[in-house]
Amino acid sequence: MISLDQVLVVDVESTCWEGPPPPGQVSEIIEIGICPLEVGTGVRGERRSVLVRPARSAVSAFCTRLTTLTQSDVDGGISFAEACSLLRREFRSDRRVWASYGDYDRKMFERQCAAVGVGYPFGPRHVNVKTLFALSHALPREVGMAEALRIAGHELDGTHHRGHDDAYNIAGLLAELISPVRSPSTP
């Protein structure tokens, strides 16, 4: 049974390079940013960052410039399998609707789970906030998160390309998108 009291907003950061990955390396999740959104009130929960120790790649200088995460930071993280277990245990991710800005995060989880033999930590319901935002604002195309925040009249809260900050900002966008349909009697 899917619980609809919260949407678990997730944003991942992954190892990346300016060009193709070095031989033998693949892009993998190094940070899972999480921000629960209370559906009834639109209140965002605490933002959380789960650092994930890469097993098949290293953090490049380009990746550090983009995310601020260093190899040393993620070396102190937990394994991907432990991170997926944490999502299920602490956030009930397998029994909640989850959301991300675009399909990148969903596809990264699907690929990495398949590649390393870890069970997918989420339930079957995923909300693509990027598409929902473009549709609700009658935009001619989808826009990046920073542009969506600008269109919505908000400043970026935190550091762009840090999972926990991006998840918090995405949760704010989603809260506004679903607020017009909330009942006036909802607190």
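Only heavy atoms go into these numbers, but all of them, side chains included; no hydrogens, no water, no symmetry mates.
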Side chains of Ile30 and Cys63, heavy atoms from C-beta outward: is any pair under 4.5 Å?
yes
Going through the distances and angles, do Arg44 and Asp157 end up as a side-chain contact (heavy atoms from CB on, under 4.5 Å)?
CA-CA 13 Å; Arg44 291 177 280 188; Asp157 187 327; 5.7 Å; no
Can you tell me if Glu28 uses its side chain to pair, donor with acceptor, with the backbone of Gln112 under 3.5 Å?
no
Using the rule that two of Ile, Leu, Val, Met, Phe, Trp, Tyr join whenever any of their side-chain heavy atoms come within less than 4.5 Å, decide whether Leu69 and Trp17 are in one cluster.
no
If two hydrophobic side chains count as joined below 4.5 Å and joins carry through other members, does Val12 share a cluster with Val52?
yes
Considering residues, nucleotides and ligands other than Arg89, do more than 12 of their heavy atoms fall under 6.0 Å from its CZ?
yes
Please check: side-chain N/O of Asp165 versus main-chain N/O of Thr159, any donor-acceptor pairing under 3.5 Å?
yes
Return yes if some donor-acceptor pair links the side-chain N/O of Arg96 with the main-chain N/O of Phe91 below 3.5 Å, else return no.
yes
Of all the heavy-atom pairs spanning Lys130 and Tyr101, show the shortest one and how long it is.
CG-CE2, 3.4 Å
Could you measure the distance from the CG atom of Asp11 to the CE atom of Met145? Nearest 0.5 Å is fine.
7.0 Å
Geometric class of the Phe109/Phe80 ring pair [parallel <30°, tilted 30-60°, perpendicular >60°]:
tilted
Pick from Asp105, Asp103, Leu135: which one makes a side chain to side chain contact (heavy atoms under 4.5 Å, CB included) with Asn128?
Asp103
Is Gln71 reaching over with its side chain to a backbone N or O of Ala58, donor-acceptor style, under 3.5 angstrom?
no
Would you kindly confirm whether Trp98 and Ile178 end up in one hydrophobic cluster when ILVMFWY residues are joined by side chain heavy atoms under 4.5 Å apart?
no
Gap separating the SG atom of Cys113 from the CE atom of Met108, nearest 0.5 angstrom
10.0 Å
Heavy atoms only: give me the nearest Ser100-His126 pair and the separation to one decimal.
OG-NE2, 2.7 Å
Arg56 side chain to Val26 backbone, donor-acceptor under 3.5 Å
no
Closest non-hydrogen atom pair, Ala152 against Glu176
CB-OE1, 4.1 Å
Do Arg53 side-chain atoms and Gly77 backbone N/O form a donor-acceptor pair below 3.5 Å?
yes
Take Ile34 and Val50 through the test side-chain contact (heavy atoms from CB on, under 4.5 Å) and record every step on the way to the result.
CA-CA 8 Å; Ile34 306 153; Val50 177; 3.9 Å; yes
Test His160 against every option in Thr67, Thr68, Asp166, Asn169 by the side-chain hydrogen bond (donor to acceptor under 3.5 Å, both in side chains) rule and name the one that passes.
Asp166
Nearest non-hydrogen partners of Leu37 and Gly42, listed with the distance:
CD1-O, 3.5 Å
Looking at Ser49 and Gly33, would you say the former's side chain and the latter's main chain have a donor-acceptor pair under 3.5 Å?
no
Nearest-0.5 Å distance that lies between atom CG in Leu132 and atom NE2 in His137:
9.5 Å
Salt bridge flag under 4.0 Å for residues Glu31 and Arg162
yes
Roughly how far, to the nearest 0.5 Å, is CD1 of Ile78 from CG of Leu51?
8.5 Å
With the 4.5 Å side-chain cut-off for hydrophobic clustering, are Tyr120 and Val116 part of the same group?
yes
What heavy-atom pair brings Glu13 and His161 nearest, and what distance separates the two atoms?
CD-O, 3.2 Å
Side-chain ion pair, Glu147 and Arg141, N-O less than 4.0 Å:
no
Tell me whether Tyr168 shares a hydrophobic cluster with Ile32, the cluster being built from Ile, Leu, Val, Met, Phe, Trp, Tyr side chains joined at under 4.5 Å.
no
Interatomic spacing from OG1 in Thr70 to CG in Asp73 - rounded to 0.5 Å
3.0 Å
Any side-chain heavy atom of Val74 sitting closer than 4.5 Å to one from Pro54?
yes
For Leu177 and Ser136, which heavy atoms make the closest approach, and how far apart are they?
CD2-OG, 2.9 Å
How long is the gap from CD on Gln6 to CZ on Arg92, to the nearest 0.5 Å?
8.0 Å
Under the 3.5 angstrom rule, does the side chain of Thr15 hit a backbone N or O of Val59 as a donor-acceptor pair?
no
Under a 4.0 Å N-O cut-off, is there an ion pair linking Glu110 with Lys107?
no
Ser93 side chain to Pro121 backbone, donor-acceptor under 3.5 Å:
yes
With distance as the sole test, does Ser57 use its side chain to make a donor-acceptor pair with the main-chain N or O of Ser27 at under 3.5 Å?
no
